[in-house]
*Asks:* 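I'd like to ask you about the structure that follows.
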Protein chains: 2
Amino acid sequence: MSERVVPEGSRQRRRPTKRGAVLSEQLIVDTALRLVAQHGAEALSVRRLGAALGADPSALYRYFRNTDALLLAIADELIGKAQDGWTATGDWRSDLRSMGLRIHACYLSHPQAAVLGAYRTTGRLHETRAVERILGILRTAGFPDALAVRIYHAFVDQALAFAAQDAAALSLPPAAREKDAAVWHAVYGKLPADTHPHIAATFPLLAADMRDSGYPFALDLMLSAVEALRTRAGGGS
Amino acid sequence: MSERVVPEGSRQRRRPTKRGAVLSEQLIVDTALRLVAQHGAEALSVRRLGAALGADPSALYRYFRNTDALLLAIADELIGKAQDGWTATGDWRSDLRSMGLRIHACYLSHPQAAVLGAYRTTGRLHETRAVERILGILRTAGFPDALAVRIYHAFVDQALAFAAQDAAALSLPPAAREKDAAVWHAVYGKLPADTHPHIAATFPLLAADMRDSGYPFALDLMLSAVEALRTRAGGGS
DNA sequence: TTTACACGTCAATGGCGTTGACGTAAGGTC
DNA sequence: GACCTTACGTCAACGCCATTGACGTGTAAA
């Protein structure tokens, strides 16, 4: 069997579907994002996507080898959205900080899609750009290569992991989400001090703190530690 | 339709299956964990689990309302396993460190369950015990309550987020996982220095570092930052 | 105008979770 | 031991899923 997928660049014969849609990689990814935004991650199937596009489901296999390839394309689109309009200030700490918060915020604004792609390596355009930028921030700041790489890895994984985690919680079915939230008061608020003294002693603080994401504080902790490493490693400024 | 599931406590008629197995909630959860451990995440389906138990797949619906309930039961088992045999040394930093690494490692050994359970608040026994322990470590170390709570939150979310993230990557179908790994060499190794100078300059380091989880280093960074906070906040020792 | 083939369509395969109906054997009662 | 109730294992079916090979049509190049 010869390859079914034709790379987007060398595509020339575009033929409308029965229902008049003219397909393209971009149209498919956009439609998929819209589908997920409107009906949740579980609404994303080849069959439904085909229906939303006005095409036979199997037509998608002319554009993506399988659903996994499609997922990667969607994930990369998200990474791109997160970086749109970002510019470096030259201060490594605030640059990393803004980059991290942007990734987190962007993924949270497309929670269902984030869940699907946050742990993938796409190797696509937007991803390589992000990698290059973050590595650039660190190396320009004077971190030696080996250290810059380790920090890059920890930083990126942390941003994506928190983003995926918070996105996943956001995209639970409303019933399950409310029930999970209620557990804090229903269970933790009622634990007796003799069996759970530390929870009992801090409960109001705990319940308040757990309502928001732990990411911003975790990010600042990481950046502080990195700053300490930098001065010790002999950086200046 | 009356409820199909009978709570485990009030179960009295145990009837062997055709192939001689006597089912129970515990046996099902254990078998599911074994299935995942032996044959990978994709081996966990109701039909295969039924086969592994020597029972008709639909028999499971006498014990769990649906697969989600089954997966939550499995996840709860995981929280317990992560803490089994853990004891405090009294040194807050190494206690937090071992707790974080345990959670991470335990979740990674059952990826499928970890993915589903890591962002849920169950409020069940094992979970409250873990919360109490971690808060205890921090408060005993002298952190004031408000700070202890913020650190607790960042620490736990980070451990669970990384665990879920790495577990998700692990539970990809083998084909996709290998492809993601291969991308590092196929794409990042071939980026030219004029468009991606930082990636080109650090590629061997990058490819090597990305093979492992970023969590241990991220955890150490967090602990270092916390230690700095503690001395500044006026703790002793 | 002709020709080649890209690509949308169709039909089929084998997997999945889940459900309603059914009968059998287990347990309680006498 | 006989009888009843019903829990629960089994069967068959439904509708979903991703994926694939064959087919034919319309497009674009020659």
Side-chain angles (χ1 to χ4, degrees), chain A residues 1-25 27-28 31-32 35-36 39-72 74 116 173, chain B residues 1-25 27-28 31-32 35 39-72 74 112 116 172-176:
Chain A
M1 177 186 58
S2 80
E3 185 47 71
R4 200 163 198 166
V5 175
V6 171
E8 184 71 12
S10 53
R11 201 173 273 276
Q12 23 198 8
R13 303 192 191 179
R14 309 207 105 102
R15 173 165 154 185
T17 69
K18 270 191 172 172
R19 283 169 48 204
V22 176
L23 301 181
S24 71
E25 217 173 270
L27 176 65
I28 295 173
T31 305
L35 204 58
V36 166
H39 301 99
E42 75 282 4
L44 187 60
S45 74
V46 174
R47 296 165 117 90
R48 269 196 270 239
L49 184 49
L53 283 161
D56 188 274
S58 63
L60 300 187
Y61 291 90
R62 301 283 178 199
Y63 294 82
F64 298 97
R65 175 188 304 274
N66 52 32
T67 39
D68 193 64
L70 170 60
L71 265 189
L72 289 184
I74 295 172
L116 297 176
Chain B
M1 175 187 58
S2 78
E3 185 48 72
R4 198 163 200 167
V5 175
V6 171
E8 184 72 10
S10 52
R11 202 174 272 275
Q12 25 197 10
R13 301 191 195 180
R14 309 208 105 101
R15 173 165 151 185
T17 69
K18 269 191 173 173
R19 286 169 45 204
V22 176
L23 301 181
S24 71
E25 217 173 272
L27 177 65
I28 294 173
T31 305
L35 207 55
H39 299 97
E42 75 281 3
L44 188 59
S45 73
V46 174
R47 295 169 120 92
R48 270 195 269 240
L49 183 50
L53 284 162
D56 188 273
S58 63
L60 301 187
Y61 292 90
R62 301 281 178 201
Y63 295 83
F64 299 97
R65 175 188 304 274
N66 53 32
T67 38
D68 191 61
L70 168 60
L71 280 159
L72 281 184
I74 295 172
Q112 179 87 336
L116 240 125
L172 283 175

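Nothing here was measured: the structure is a model prediction, and the numbers come from that model. Every chain is numbered from 1, with letters handed out A, B, ... down the list of sequences.
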*Asks:* Evaluate B/Leu71 against B/Leu44 for side-chain contact (heavy atoms from CB on, under 4.5 Å), listing each step before the verdict.
*Replies:* CA-CA 10 Å; B/Leu71 280 159; B/Leu44 188 59; 4.0 Å; yes

*Asks:* Can you tell me which residue pairs pass the side chain to side chain donor-acceptor pair (under 3.5 Å) test with a partner in residues 48-57 of chain A, sequence neighbours excluded?
*Replies:*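 As it turns out, the side chain to side chain donor-acceptor pair (under 3.5 Å) pairs with a partner in residues 48-57 of chain A, which skip direct neighbours, are A/Asp56-A/Ser58.
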
*Asks:* On DNA chain C, compare the nucleotides closest to B/Pro57 and B/Pro16; which residue's is nearer the 5' end?
*Replies:* B/Pro57

*Asks:* Between D/dT19, C/dT18, C/dG8, which nucleotide has the shortest distance from any of its atoms to the side chain of A/Arg62?
*Replies:* C/dG8

*Asks:* Measure the distance from CG on B/Leu49 to P on D/dG9 and round it to the nearest whole Å.
*Replies:* 13 Å

*Asks:* Just so I know, are the side chains of B/Thr17 and B/Leu53 near enough to count as touching, which here means a heavy-atom distance under 4.5 Å?
*Replies:*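 A side-chain contact is absent here, since even the closest heavy-atom pair is not under 4.5 Å.
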
*Asks:* Nearest whole Å is fine: how far is C/dC7 C1' from A/Glu25 CD?
*Replies:*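 Rounded to whole Å, this separation is 15 Å.
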
*Asks:* Quickly work out the B/Arg19 CZ to D/dG9 C1' distance and round it to whole Å.
*Replies:* 13 Å

*Asks:* If you check the B/Arg15 side chain, which of D/dT10, D/dG26, D/dA7 turns out closest?
*Replies:*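 So the nucleotide nearest the side chain must be D/dA7.
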
*Asks:* Think B/Tyr63 has a side-chain N or O under 4.0 angstrom from the OP1 or OP2 of D/dG9?
*Replies:* yes

*Asks:* Taking the side chain as everything from C-beta on, heavy atoms only, tell me whether A/Leu70 gets closer than 4.5 Å to A/Leu49.
*Replies:* yes

*Asks:* Rounded to whole angstroms, how far apart are CG on B/Leu60 and C1' on D/dT10?
*Replies:* 13 Å

*Asks:* From CZ of B/Phe64 over to C1' of C/dT18, roughly how many Å is that when rounded to an integer?
*Replies:* 16 Å

*Asks:* Counting the atoms with a prime plus P, OP1 and OP2 as sugar-phosphate, which does B/Ala59 contact under 4.0 Å by heavy atoms, base, sugar-phosphate, or nothing?
*Replies:*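 Base, at least one base heavy atom under 4.0 Å.
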
*Asks:* What pairs with A/Thr67 under side chain to side chain contact (heavy atoms under 4.5 Å, CB included), at least two apart in sequence or on another chain?
*Replies:* A/Val46

*Asks:* What is the distance, rounded to the nearest whole Å, between atom CG of B/Leu23 and atom P of D/dA7?
*Replies:*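 After rounding, the reported distance stands at 17 Å.
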
*Asks:* Measuring only between side-chain heavy atoms, which start at C-beta, is B/Thr31 closer than 4.5 Å to B/Ile28?
*Replies:*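 Answer no - side chains too far apart.
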
*Asks:* D/dC23 P sits how many Å from A/Tyr61 OH, rounded?
*Replies:*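 About 21 Å, once rounded to whole Å.
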
*Asks:* So which protein N/O to nucleotides 12-17 of chain D N/O distances come out below 3.5 Å?
*Replies:*
unit_1	atom_1	unit_2	atom_2	d
D/dC17	OP1	A/Ser45	OG	2.9

*Asks:* How would you list, by chain and number, every residue that makes a side chain to side chain contact (heavy atoms under 4.5 Å, CB included) with B/Asn66, sequence neighbours excluded?
*Replies:*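 Result, side chain to side chain contact (heavy atoms under 4.5 Å, CB included) vs B/Asn66: B/Asp68, B/Ala69.
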
*Asks:* How long is the line joining CG of B/Asn66 and C1' of C/dC16, in whole Å?
*Replies:* 15 Å

